[in-house]
K.L.:
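First the structure, then my questions, so here it is.
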Amino acid sequence: MEYNFREIEKKWQEEWKEKKVYQVSNESDKPKFYVLDMFPYPSGAGLHVGHPLGYIASDIFARYKRLKGFNVLHPMGYDAFGLPAEQYAIEHGIHPAISTDTNIKNFRNQLDKIGFCYDWSREVNTSKPEYYKWTQWLFLKLYNSYFCNTAQKAKPISELIAKYEAKGSSQFTADEWNRFSTGEKEEWLMKRRLAFSAYGEVNWCEALGTVLANDEVVNGVSERGGHPVEKRKMRQWYLRITAYADRLLKGLDTVDFSESMKEMQSNWIGKSSGAEIDFEIKGLSDKIRVYTTRPDTIFGVDFMVVAPESDLINKLKTPTQEIKVDEYLAYVKSRSERERMAEKKISGVFTGAYAINPFDGREIPIWTSEYVLAGYGTGAIMAVPCGDERDFKFAQHFDIPITNIIGTHFNGTEANATKDAVLENSSFLNGVTMRAAMEEVIKRVEEAGIGKRKINYKMRDAGFSRQRYWGEPFPIIWENETPIALKESELPLLLPHLEEVKPGKGGEGPLSNLPDWVNTPQGKRETSTMPGYAGSSWYFLRYMDPQNEQEFCNRKAADYWGQVDLYIGGTEHAVGHLLYSRMWTKVLYDLDLIGFDEPFKRLLNQGMIQGSSRFVYRIHGTNQFVSFGLKDNHQIDAIRVDVNFVDGYELDTEAFKKWRNGEFADAEFILEDGKYICGAEVEKMSKSKFNTVNPDDLVYKYGADTFRMYEMFLGPVEMSKPWDTKGIEGVHRFLKKLWRLFFDEIKGKIWTAEKATDAELKVLHKTIKKIEEDTERFSFNTGVSTFMICVNELSDLKCYKKEVLESLLIMLASYAPHIAEELWHLLGNTDTILNASFPKFEEKYIKESSKAYPVAINGKTRTELLLPLDITQKEVEEKVLQDAIVQKWLEGKAPKKIIYVKNKMINVVL
RNA sequence: GCCCAGAUGGCGGAAUUGGUAGACGCGUCAGACUCAAAAUCUGGUGUCCGCAAGGAUGUGCAGGUUCGAUUCCUGUUCUGGGCACCA
């Protein structure tokens, strides 16, 4: 009887499905555990080997927790709204609903083959009305809530209205409020709503007639077609995430994310404290307001920089500088933000104007430069070259004289951002330490009425509308310029069918092409749709109660499941998605709809699996392809080839000739050693780079169990690594070797019910301990290796005993579920192995009484000494000195010291 | 430019708290079985010197702390990822 993985896997997948073994109930006496994967966007390219990495890890952990006696929620679904489906529709005329459906079926098919333990009865699909009804409902919750600064939490906007009606606000009296028109009232409310509408800049491409995402713009032109792109102000929806900045920051202390992830989030939020200070401008009535974190350096200000986008520039530029300034502004306009970011070259131009230092009246030249952004702080800075690296380089580059206010702390060749120096050249601050000076300056600035203390955040409110079709429609009708929200009873507002997806007029979304839908007796419907992250900001709650038609999630279900105990996903969208879902959770908590204010208790980031691309080299202008080692003798063009017809680095030239309908049929090859050797480069795995490896092929060839274990065996889950299929054989061999502990090719069944020996139990319990430790710390690669060691040792011991093998199978059931289930049943069990209990580790089986100690001389290991564990230092010294090898190294002298660390090692110091 | 992560044999990686560097697997070499092949099994395999015993050297690079450093500290180089130049 041999290991027929194809038959076994098919059989158990069907059986598990039929018996609904993965269905989980919201009621149980067991403790709960919630294991979640970041759900995928179902792209047309299907799964490649990079996708399942995190899914396999979470699957192993979910199964492990189940064996450990937990009621485990482990669901999966689809983040199904999004740009690519819409783009595909524009290019191929296939409706997004259809292509999305096809893609989901394909994904599901691929996922099923790998044997995941998802409870598919809880599947969510963000593009289905049953789901997005509640996304719209939650949007209305945000819209109808405001952030109360006193209570530091969200409250219903009705409470704010009641307050305005009764007491007014600092801006208006109650009487004034009550006399306001509906539109005027709405304008005031809009300033407080958590989901609000305002004007914001978008990338507008006239030629394509549409708004473009940041990554669709390259070098200031559209990626498709290379058309010019300009910034244009349009009405947008936003989420007031900045109101939650502080709580999002504090919440990081309560969750178990990696330090680097927390750092990324807190850098994104970017809280800083400092002051806003107004500088007068020589000869103008306008003032420049700067934000600075270092008010103590006010006497070191040698120039000011205003963002090129600032409206003030036109007033600042003097006639002599006008041409230079305009040229520079045109240059900046042509640059994408990404370009400005990566720019090492220092650029900028003097406006000709001077600001006045409010404390000593010094005239300070005002410059403009692309390194100052309009969107942060006040869009203008006071530059202190001796204390800020960038300011220093700028001053050096443009020969701006530098004032030293920190004495010897500044060496003239490098800025020093210290806060500990004692100030010099600083008028009333001379002799004051910088830390103390900060307070002093803020005090004086406030007294003089030229500024104030200010806490600043990098984070901006999140843009929440897209001029697109394939997303949730806003439950909003515009009555002239005033938005009116639909009633909850009117939800869902269905996304109307569109025969042809194309942009609307004037930058509006495709929905504006449907007048029957847009025009209602009340007014015009909002034609933009919600962004991709709308549905994904709360999907983890829907899994808890996926079929509920009355509520987004029943409170009892939410209280039972609570936080996601383990959330697994990549870092790529992590900052955005994690912050948005954390914010939504906090809002829902504030409104008392759920009982926790952080969605994810623990986060594990899986690394990216990269592809290893292969290149062939065509001699420029010919049909000849030259092998890698000979390419330097020619002028060549590198062309990517499909990795599937390259064996290692050797090209299958016949397959290459047949590739792409014979595009290379006439190719001639210049070989080395009779072979065509390809070049290689590690890069992102992508269909367009021909370096994708499809899991289906591997599952077919080796089985799902082998595939699962191999993905884990590659290395730590958190680490990025290039995919290499070589080595999968080793894992497959391991499973075959495991099988041979139960069945022999000739004798058939060889397992017995005999009692296990001490040596066998030692192997087993060593394994239990290690598997438990490795799984708990997500070290699945060493887990796989532990199984290999266990099977190797049991084979050496010729241990075919059910007592030992049964426990091994239970542990293996989370890593290689199919083979474990099959052998479990062949051993005579009738219930599924999923309902077994994880074996209990017992110390007594692995207790040792002695240890082979490494003995080092001066830190270099020279020999080994078998010693009892309870030996004393004195006894150790005696034994060590008697040892022949130690004596040889001692050369008759006495050692200075003998270090003995129990259970570790011995070191003899000469 | 800024932020984060990483660098260990021919390759993927292991070493969990500062204590035998290279577990496990791939590849490769030798052997067994076989008419042969596949499969399987046994043994070797960081580098250098040496017939061997043995020795030297070795975790990107340069230093430091320590009886002892892949692990801690300082500096540095390279690679990967992220970014909203964050004052």
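Naming: A, B, ... by sequence-line order, numbering from 1 per chain. All of these numbers come straight from a predicted model, not from anything done at the bench. Just the heavy atoms: all of them, side chains too, but no hydrogens, waters or symmetry mates, feed the values below.
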K.L.:
With A:F61, which residues qualify under ring pair (Phe, Tyr, Trp, His ring centres under 6.0 Å), at least two apart?
P.N.:
A:F33, A:Y64, A:F778

K.L.:
A:M382 near the nucleic acid: base, sugar-phosphate alone, or nothing, with a heavy-atom cut-off under 4.0 Å?
P.N.:
nothing

K.L.:
Which atoms of nucleotides 68-77 of chain B (N or O only) lie under 3.5 Å from a protein N or O atom, and what are those distances?
P.N.:
none

K.L.:
Does a side-chain N or O from A:T292 land closer than 4.0 Å to OP1 or OP2 of B:C86, or not?
P.N.:
no

K.L.:
Using a cut-off of under 3.5 Å, enumerate the N/O to N/O pairs linking the protein to nucleotides 52-56 of chain B.
P.N.:
from: B:G55; atom 1: OP1; to: A:K888; atom 2: NZ; distance (Å): 3.4
from: B:A56; atom 1: OP2; to: A:R862; atom 2: NH1; distance (Å): 3.0

K.L.:
Between A:D302 and A:I364, is there a donor-acceptor pair closer than 3.5 Å when you use the side chain of the first and the backbone of the second?
P.N.:
no

K.L.:
Using ring pair (Phe, Tyr, Trp, His ring centres under 6.0 Å) as the criterion, list what pairs up with A:F713, not counting sequence neighbours.
P.N.:
none

K.L.:
If you look at every strand shown and take non-hydrogen atoms under 4.0 Å, does A:I789 touch a base, only sugar-phosphate, or nothing?
P.N.:
sugar-phosphate

K.L.:
Under the rule for side-chain hydrogen bond (donor to acceptor under 3.5 Å, both in side chains), what residues qualify as partners of A:E276, not counting sequence neighbours?
P.N.:
none

K.L.:
Apply ring pair (Phe, Tyr, Trp, His ring centres under 6.0 Å) to A:F279 and list each qualifying residue two or more places apart in sequence or on a separate chain.
P.N.:
none

K.L.:
The criterion is ring pair (Phe, Tyr, Trp, His ring centres under 6.0 Å); which residues satisfy it with A:Y702, sequence neighbours excluded?
P.N.:
A:H732

K.L.:
What pairs of nitrogen or oxygen atoms, one from the protein and one from nucleotides 5-12 of chain B, lie under 3.5 Å apart?
P.N.:
from: B:G12; atom 1: O2'; to: A:L714; atom 2: O; distance (Å): 2.5

K.L.:
For A:E773, report the nucleic acid contact type (base, sugar-phosphate, nothing); a contact means any heavy atom under 4.0 Å.
P.N.:
base

K.L.:
Taking only the side-chain heavy atoms of A:T293 (C-beta and beyond), determine which of B:A23, B:A87, B:C67 contains the nearest atom.
P.N.:
B:A87

K.L.:
For A:F734, answer base if it contacts any base atom (sugar-phosphate contacts may also be present), sugar-phosphate if it contacts only those atoms, and nothing otherwise; contact means non-hydrogen atoms under 4.0 Å.
P.N.:
nothing

K.L.:
Of the nucleotides B:U16, B:U20, B:A87, which has the atom closest to the A:K770 side chain?
P.N.:
B:U16

K.L.:
Starting at atom CD1 of A:I899, determine the distance to atom C1' of B:G18, rounded to an integer number of angstrom.
P.N.:
12 Å

K.L.:
What's A:N792 touching, base or sugar-phosphate or nothing? Going by heavy atoms closer than 4.0 Å.
P.N.:
sugar-phosphate

K.L.:
Could you pull out the protein-nucleic contacts involving nucleotides 30-32 of chain B (nitrogen or oxygen on both sides, under 3.5 Å)?
P.N.:
none

K.L.:
Without decimals, in angstroms, what is the distance between A:Q610 CD and B:U79 P?
P.N.:
14 Å

K.L.:
Kindly point out which of B:A15, B:A87, B:C24 is positioned nearest to the side chain of A:Y291?
P.N.:
B:A87

K.L.:
Taking only distance into account, with no hydrogens and no angle test, what donor-acceptor pairs under 3.5 Å do side-chain atoms of residues 851-864 of chain A form with protein atoms, sequence neighbours excluded?
P.N.:
from: A:Y853; atom 1: OH; to: A:N903; atom 2: N; distance (Å): 2.9
from: A:N858; atom 1: OD1; to: A:L910; atom 2: N; distance (Å): 3.1

K.L.:
Is there any protein nitrogen or oxygen under 3.5 Å from a nitrogen or oxygen in nucleotides 39-44 of chain B, and what are the pairs?
P.N.:
from: B:U40; atom 1: O3'; to: A:R740; atom 2: NH2; distance (Å): 3.2
from: B:C41; atom 1: OP1; to: A:R740; atom 2: NH2; distance (Å): 3.1

K.L.:
Does A:D256 have any salt bridge (Lys or Arg N to Asp or Glu O under 4.0 Å) partners at least two apart in sequence or in another chain, and if so, which?
P.N.:
A:R602

